Asks: 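So that we are looking at the same thing, I have put the structure below in structure tokens.
No hydrogens, no waters, no symmetry mates; every other heavy atom, side chains included, goes into these values. Remember, predicted model here, so these are calculated numbers, not experimental data. Chain letters run A, B, ... following the sequence lines, proteins first, then strands; residues in each count from 1.
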Protein chains: 2
Amino acid sequence: MSETLEKPLTASFETFLGYQLRRLSAAAMADLADALAEEGLSPTLATVLLIIETNPGETQARIGRALSIKRANIAPMIAKLEEEGLIRKSGTDGRSFALYCTAKGTATARRAEKVMRARERKVFGALSSEETKLFLSMIERARSAL
Amino acid sequence: MSETLEKPLTASFETFLGYQLRRLSAAAMADLADALAEEGLSPTLATVLLIIETNPGETQARIGRALSIKRANIAPMIAKLEEEGLIRKSGTDGRSFALYCTAKGTATARRAEKVMRARERKVFGALSSEETKLFLSMIERARSAL
DNA sequence: TATTGTTATACTCTATAACTATA
DNA sequence: TATAGTTATAGAGTATAACAATA
């Protein structure tokens, strides 16, 4: 255990918000994925389930647009949530379905939301509410520049 | 073009920094990937090339640790950069290699760095230097909570 | 014509496990 | 024993293209 401290490597992108953001986002995602594994959900699947629970009767096209998930990619997610008995489709339109959580899906969504909230507190709990507000406003400004 | 405004869907995670961060990071990544495509590099490959250019003679294990890329994942990246004539390996240790940019690799790294800097300005240029500093400090605090 | 859902396919990034060679 | 590099493999997540059915 000589524990030689490793000389840190330098790089210009270390000072880039884009890079640091990406690193933090990846680490937080992995942490959340671990925590959600006990519910059998990935972070993305959890957001899909939660938004259906909060907005019953919406179509998967609208849900996809709200989460920036393409139709082609959300189709198998919806199929998986249905297979697992978490949501059900109720044909209304002939070419689309109204989506609803089952009782099991609602219970899972509530637990997943608790997990997400707990991780949010764990990672960002040290920030003041002032800082949190500023953080969100900066994210919003950055997104509007894209 | 009746442009009916789509009713926004609600979800508790919309107020989570973790979620907004992920969305911003994904969008910024896609934007950067587009811009780097003309150099034939992905964002991750660009960071690997750049860190080799700034730290000549390092091994891929140390580079991987600096970027949080696993040995198993960085091996094919190094191989690709070498195939394209951007870096070269110089055996030193018997079980590892010192990595160096070729002239072509250095030129590509410089251009890639310009592209990254331009995108950084585009996305985060509206933030004041005070805000940028605070943003970085918040990211650092969040990362230390993981 | 435009939209919805679907399938096929490919790419990027990440993760684990197992192997060889060397320190 | 620990480390470096490599290969195989799997899993998320995302992207485009094409298709049938419906609006």
Side-chain angles (χ1 to χ4, degrees), chain A residues 1-4 6 19 22-23 25-37 40-48 57-83 87 89-99, chain B residues 1-4 6 19 22-23 25-37 39-49 57-83 87 89-99:
Chain A
M1 282 288 187
S2 74
E3 278 295 335
T4 310
E6 196 156 10
Y19 178 71
R22 186 166 115 209
R23 293 286 301 266
S25 173
M29 263 289 246
D31 182 66
L32 181 59
D34 270 358
L36 283 172
L41 294 172
S42 66
T44 301
L45 268 181
T47 60
V48 173
E58 294 290 347
T59 65
Q60 64 191 62
R62 276 169 56 73
I63 286 167
R65 278 193 295 270
L67 301 177
S68 291
I69 301 173
K70 294 239 183 319
R71 275 193 348 269
N73 293 326
I74 208 166
M77 296 180 191
I78 296 293
K80 193 187 176 195
L81 291 176
E82 194 184 17
E83 273 168 31
I87 64 172
K89 293 178 171 180
S90 167
T92 51
D93 182 288
R95 73 177 169 182
S96 64
F97 310 94
L99 300 174
Chain B
M1 282 288 187
S2 75
E3 278 295 336
T4 310
E6 198 157 12
Y19 177 71
R22 186 166 117 210
R23 292 286 301 266
S25 171
M29 264 286 245
D31 182 66
L32 181 58
D34 269 359
L36 283 171
E39 298 295 340
L41 295 172
S42 66
T44 302
L45 268 181
T47 61
V48 172
L49 179 63
E58 294 290 347
T59 64
Q60 64 192 65
R62 277 170 55 73
I63 286 165
R65 278 194 293 274
L67 301 178
S68 291
I69 300 174
K70 295 238 180 320
R71 277 196 341 276
N73 293 327
I74 207 166
M77 295 180 192
I78 296 294
K80 193 187 174 193
L81 292 176
E82 195 185 16
E83 273 167 33
I87 65 171
K89 293 178 171 180
S90 166
T92 52
D93 181 291
R95 71 176 169 181
S96 63
F97 311 94
L99 300 174

Asks: Please figure out whether K80(A) or G94(A) has its closest DNA chain D nucleotide nearer the 5' end.
Replies: K80(A)
Asks: Would you mind reading off the distance between L45(B) atom CG and dT14(C) atom C1', rounded to a whole angstrom?
Replies: 14 Å
Asks: Compare the minimum distances between each of dT3(D), dT6(D), dT6(C) and the side chain of F97(A), then state the nucleotide with the smallest one.
Replies: dT6(C)
Asks: Which sits closer to the 5' end of DNA chain C, R22(A) or T92(B), going by the nucleotide each is nearest to?
Replies: R22(A)
Asks: Just how far, in rounded Å, is P of dA15(C) from CE of M29(A)?
Replies: 12 Å
Asks: Would you please confirm or rule out a distance under 4.0 Å between OP1 or OP2 of dT6(D) and any side-chain N or O of K89(B)?
Replies: yes
Asks: Whole-Å distance between dC13(C) C1' and L32(B) CG?
Replies: 14 Å
Asks: Ignoring backbone atoms, test whether T44(A) places a side-chain nitrogen or oxygen under 4.0 Å from the OP1 or OP2 oxygen of dG13(D).
Replies: yes
Asks: Classify R65(B) by what it touches in the nucleic acid, base, sugar-phosphate, or nothing, heavy-atom distance under 4.0 Å.
Replies: sugar-phosphate
Asks: Between S42(A) and dG13(D), is there a side-chain N or O to OP1/OP2 distance below 4.0 Å?
Replies: yes
Asks: Considering only dG5(D), dT22(D), dG5(C), which nucleotide approaches the side chain of D93(A) most closely?
Replies: dT22(D)
Asks: Within residues 67-78 of chain A, which residues have any heavy atom lying less than 4.0 Å from an atom of DNA chain D?
Replies: K70(A), A72(A), N73(A)
Asks: Between P on dG5(C) and CD1 on I87(A), what's the gap in Å once rounded to a whole number?
Replies: 11 Å
